[in-house]
Every structure is written in C-alpha cells, then in structure tokens.
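As structure tokens, the structure follows; a few thoughts come after it.
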Amino acid sequence: MTQKTVRDYIRTIVDFPHEGIMFRDVTTLFADPRGLRLAIDQMLDPFVGQHIDKVVGLEARGFILGGAIAHQLSLGFVPVRKKGKLPGKVISEAYTLEYGEAVVEIHDDAIQAGEKVLIVDDLLATGGTAQAGIKLVERLGGEIVGTSFVVDLPELGGRALLEGLGYSVHALCEFDGA
C-alpha cells in the first residue's frame, strides 16, 4: 500500500466560485489528522534550524496552518486579515487578486523591526495576497525568512512573482490550471 501524499487529501470542486475554476479544497486535508500533520510537518521542513521569530498567516486558511506551525515552533502567530477585521491600530495594503481587488491589514505593533518572519497560506495563485502580506511585514521592519504554501498553481504566476522579488517559496504540491 502506498503512502498518501498531501495532494491526495485535497479535493477539487469544479466551477467554484464560478464557471471555469477548478477550486482546490484543502478543508478535506485539514479534516484528516494524518493529512493535517503531514502538511504541517512538510511546510516546516525547509525552515528547520533557521532563526524565525514569528509566523504570519494570511486570511483565512493561513490562520489554521500558521497557528499550527507557530505552535510547533513555539513562536507567536500574527494574522494578516481582510480590511476591517482587526480591532487595534493597523496598517493596510491593497492588492489585486484573480477576480477583483482586496485590502489586507496587520496590527501596527504585531512585528518588531528585525524580526524574522515566515509567511504561511494554503494556496499560491497569482501571489497578490502573499505579496501584500510581505509588504505589510516589511513596512513594520520584519525580514521575510520564506513563504510556505500547501498548493501552488504555477500557471497563475505567483511563485514566479515572489521568487522574482527574491523570496523563498516552498509549496507541498502543484495543480495545473486555475
């Protein structure tokens, strides 16, 4: 019997959120204890032994992964949220995504200058959300150690964008198409 990979736990939902989209649903990965453990361990693997001060998770599934990774590393977790969701003083960053525009925010005291940060999310598509999160961290003086994702959709160019800007990108699996 062959061992399941992270990719095996992810289901595809056709035509969601609209026609022509092949939605890669990681909730099935999260629901399985072996799948979730496998994903967390593999997302952490390239960063073992590196100095990291904080884990930043991108809304919303990045909170699940980022929280688990922060716990595993005994580090603090910082959420990057959609506009209007954080209660304290924030800084904002607007960006373009696959089907529109959005704004994300981070508390203005969440990252201290010089802190080493790992950015985490479930999926890398165009790279807009990740780039916005990176910009927020860097505006607060944080230094990006790397980025870690469960799924990469290479055809949408997110990996190329982030690597072209000099950031390390780690993804557990790839899917073709949008």
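Position 1 is the first residue of the sequence; numbering continues from there. Everything numeric in this text was worked out from a predicted model, so none of it was measured.
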Answer yes or no: is there a donor N or O on one side and an acceptor on the other, between the side chain of [X] and the main chain of [Y], under 3.5 Å?
X      : Y      : value
Lys54  : Ala110 : yes
His107 : Gly88  : yes
Ser148 : Val120 : no
Thr12  : Asp25  : no
Arg139 : Ser92  : yes
Glu138 : Lys135 : no
Thr96  : Glu101 : no
Asp41  : Leu38  : no
Asp15  : Gly20  : yes
His170 : Gln42  : yes

Please report the interatomic distance [atom1]([X]) to [atom2]([Y]), rounded to the nearest 0.5 Å.
X      : Y      : atom1 : atom2 : result
Asp121 : Thr129 : CG    : OG1   : 7.0 Å
Tyr167 : Ile144 : OH    : CD1   : 6.5 Å
Ile52  : Glu115 : CD1   : CD    : 12.0 Å
Leu153 : Arg159 : CG    : CZ    : 11.5 Å
His71  : Phe77  : NE2   : CZ    : 14.0 Å

Do you reckon Val78 sits in the same ILVMFWY cluster as Val103, going by side-chain contacts under 4.5 Å, direct or chained?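 Different hydrophobic clusters.
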
Path from Val80 to Leu86 over hydrophobic side-chain contacts below 4.5 Å: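 The answer is no; the residues belong to distinct hydrophobic clusters.
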
Would you please test Leu44 and Gln72 for side-chain contact (heavy atoms from CB on, under 4.5 Å) and show each step? CA-CA 9 Å; Leu44 277 170; Gln72 188 73 12; 3.3 Å; yes

Side-chain touch [X]/[Y], heavy atoms, less than 4.5 angstrom:
X      : Y      : value
Leu58  : Val104 : no
Ile21  : Phe16  : no
Ile111 : Ile106 : yes
Leu172 : Arg7   : no
Val151 : Asp122 : no
Val6   : Val150 : yes
Leu65  : Met43  : yes
Val145 : Val117 : no

Answer yes or no for Arg61 and Phe30: cation-pi contact, defined as NZ/CZ to six-membered ring centre under 6.0 Å and angle to ring axis within 45°. no

Residue pair [X] / [Y]: nearest heavy atoms and the distance that separates them:
X      : Y      : answer
Ile40  : Ala68  : CD1-CB, 3.6 Å
Ala39  : Leu29  : CB-CD2, 3.9 Å
Ala70  : Gly76  : CB-O, 3.9 Å
Ala130 : Phe149 : CB-CZ, 3.9 Å
Pro154 : Asp152 : CD-O, 3.1 Å

Against Ile119, only a single residue in Leu136, Ile134, Leu162 fulfils side chain to side chain contact (heavy atoms under 4.5 Å, CB included); can you say which?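 Testing Ile119 for a side chain to side chain contact (heavy atoms under 4.5 Å, CB included) against Leu136, Ile134, Leu162 leaves exactly one candidate, Ile134.
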
Testing Lys89, Lys83, Glu93 one by one against Glu105 for a side chain to side chain contact (heavy atoms under 4.5 Å, CB included), which residue passes?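 The residue from Lys89, Lys83, Glu93 that satisfies side chain to side chain contact (heavy atoms under 4.5 Å, CB included) with Glu105 turns out to be Lys83.
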
So for atom NZ, which belongs to Lys85, do other residues, nucleotides or ligands contribute more than 12 heavy atoms lying within a distance under 6.0 Å?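 No.
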
Please check if atom CZ in Arg34 has more than 12 non-hydrogen atoms from other residues, nucleotides or ligands closer than 6.0 Å.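 Check fails, neighbour count at 12 or below.
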
In terms of side-chain geometry, is the basic nitrogen of Lys116 or Asp53 positioned less than 4.0 Å from the acidic oxygen of its partner?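 Salt bridge: no.
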
Quick test of your reading of the model: are Arg81 and Glu59 salt-bridged, counting only N-O distances below 4.0 Å?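 A salt bridge links Arg81 with Glu59.
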
Could you walk me through whether Leu118 and Ile69 pass side-chain contact (heavy atoms from CB on, under 4.5 Å), step by step? CA-CA 10 Å; Leu118 174 62; Ile69 289 169; 4.2 Å; yes

Go through Ile10 and Cys173 one step at a time and tell me if the side-chain contact (heavy atoms from CB on, under 4.5 Å) criterion holds. CA-CA 10 Å; Ile10 298 168; Cys173 63; 3.9 Å; yes

